[in-house]
Each structure stands twice: as structure tokens, then as C-alpha cells.
Amino acid sequence: MTEKNIKERIDKLRIQINTVAELIGRNPESIKLIAVTKTRTSETIDSALKSGIEFIGENKVQEAEQKLPLLKEKYKEFHFIGHLQSNKIPKLMKLNPAVIHSIDKFSTAEKLNAYLSKKNKKQDILIQVNTSEEQSKFGIKPNETLDFIKKISSLSNLKIKGLMTIGIFSDNEKKIRNCFQILRKIFEKIKAEKLPNVKMRYLSMGMTNDFEIAIQEGANIIRIGTAIFGIRNL
Ligand SMILES: *Cc1c(COP(=O)(O)O)cnc(C)c1O
């Protein structure tokens, strides 16, 4: 994929985002586009950054720590969107993630909190919810999310900022929409609880195949790889 191709794809994607947002009366500016750069080379990522991408997301610590230092272009924020193993916490934190989207285990959250408190730092996190309840997927069960967040909110170096989900892999639009509606409902419910140390601000949902549905259901962070960079070979 050439830089020109990538730019065209990003421009097209922005038009799609704007169109779907405006149709339902949402301000497109309120939707953060994360370019998911997993499996892409640093050169390819640089092309996206030159074409207006500001936020990048990776799902593996090791891959991110190899590629990010090689970038020539600047990015505004790096988001960690993958499953976090607690032994990778120090390496991840060296990359300064703006947001970790994928907290779904209390023991990992505790370890992250301990690391941060030693360094006297805070970290924005999202809680990953398994809205499709597929066995293979990470995330907290929808009906356990409130209790999980109550427990995590006692970890004072973690700033809970919202929820993340991966929609069901399906061509049934109703099933996909249902996942996003579940996340939105939990989001509103937790927001209404006004828990200390919890600020429900971000709904991270929607990828290449389902971002339009996600925007209709209230996503304000979408995570897009394939639509920007093409099909992944890995
Ligand atoms: C890979 C990935 C994406 C992007 O998927 P595409 O279908 O390529 O847009 C989004 N979120 C997470 C957590 C991912 O791992």
C-alpha cells in the first residue's frame, strides 16, 4: 500500500464517519479515530501519520515496543487495545499509553496500580466487556461489569474512563448492534452510579466491519485497521 493509497482510504473513512454521524445528529468531531497499526511496518504507520492520523493502537506490547521508536512522524496518543499480561506492564508503561482499553482482570489491574503508585503516576483505563459472551473472547461478563468496576475503583492510580468491547463476528447486523447496545446500557448505568474515581467518558466500540453501527449506538472511540491499511496477512 502506497502513502497515496493510505491517504485516500483515510479520507474515504472520514467521509463515512461524518456521514453516519451527521445522519443521526452527532458531531463527527466527538468521535476519536484510532488507527490500529498491528502487523503494519513503521514506514506504513508513518504514511498514516502523514495523512492526518493522530491516534494509533497496538495490541501486543512486544510489537509496539519494537515499532514505536522507529517512527519518524509524531503521533498524539498511543492506545493499547490488546490483552495485557501482567509481566508486560513495565514494558508497556515505558511506551506511555494514553489509554489502556483492555483491563478485564482484577489481578492485572492490581499489578498495574502497584507499578503506577511506585512511579507516582496515574493511568487512564477502559474496562473490556465481553458483550457477545463468546468463550474465546476476553472481557468481563456484562452482568458482572458494575461489581468489577466498583472493585477496581479502589485502585487510586487507575482512572476508569469508560468501556470497550469487540462486537460479535457475524454478518447479522442485529446481533452486532445488540453487542453495542449492551455496552451502551452498562455505560449509562455505571455513569448514573457516580462512583468515586470513575468517569464514564469513552465508549470504545466499532472496527472496520461494524463502525457505522457502533457510531449509531454511541461509540466515541472507533478502532480501525483494515479500512485504512488493507487486509492483514498475519
Ligand atoms: C485488530 C483490532 C481492531 C481493528 O480491526 P479491523 O477489523 O482491522 O478494523 C480493533 N480492535 C482490536 C481490539 C483489534 O485487535
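All ligand and atom numbering here is 1-based and tracks the order in the structure.
Of all the heavy atoms of Val36, the ones lying under 4.0 Å from any atom of ligand 1 belong exclusively to the side chain. Of the heavy atoms in His101, none comes closer than 4.0 Å to ligand 1.
Among all non-hydrogen protein atoms, the one lying nearest atom 1 (C) of ligand 1 is Lys38 NZ, 1.5 Å. In terms of protein heavy-atom proximity, atom 12 (C) of ligand 1 is closest to Ile81 CD1, 3.5 Å. For atom 11 (N) of ligand 1, the closest heavy atom belonging to the protein is Arg223 NE, 2.8 Å. At the top of the distance list for atom 9 (O) of ligand 1, counting protein heavy atoms only, stands Thr208 OG1, 2.5 Å. Nearest to atom 8 (O) of ligand 1 among the protein's heavy atoms is Thr226 OG1, 2.6 Å. Counting only heavy atoms of the protein, atom 10 (C) of ligand 1 lies nearest to Met207 SD, 3.3 Å.
Ligand 1 is never approached by Asn209 to a heavy-atom distance shorter than 4.0 Å.
For ligand 1, the atoms sitting less than 4.0 Å from at least one non-hydrogen atom of Ile224 are 9 (O), numbered in the order shown with element in parentheses. Less than 4.0 angstrom separates some heavy atom of Gly225 from each of these atoms of ligand 1: 4 (C), 6 (P), 8 (O), 9 (O).
Looking at residues two or more places apart in sequence or on another chain, you find a side chain to side chain donor-acceptor pair (under 3.5 Å) between Lys67 and Glu58, Glu63. Taking the salt bridge (Lys or Arg N to Asp or Glu O under 4.0 Å) definition, one finds that Arg184 meets it with Glu188, sequence neighbours left out.
Between Lys161 and Asp124 a salt bridge is recorded (basic side-chain N to carboxylate O distance below 4.0 Å).
With a 6.0 Å radius and a threshold of 12 heavy atoms from other residues, nucleotides or ligands, Ile231 has its CD1 atom at or below the threshold.
Considering backbone and side-chain atoms alike, Ala227 places every N or O at 3.5 Å or more from each N or O of ligand 1.
Between His83 and Phe138, the ring-plane angle classifies as parallel under the 30° and 60° cut-offs.
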Take Met164 and Met205, measure what side-chain contact (heavy atoms from CB on, under 4.5 Å) needs, and give me the verdict at the end. CA-CA 6 Å; Met164 180 271 233; Met205 55 189 196; over 6 Å; no

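Of the inter-residue distances, the one linking Glu77 atom CD with Asn96 atom CG reads 11.0 Å to the nearest 0.5 angstrom. The NZ atom of Lys122 sits 5.0 Å away from the OG atom of Ser156 when rounded to the nearest 0.5 Å.
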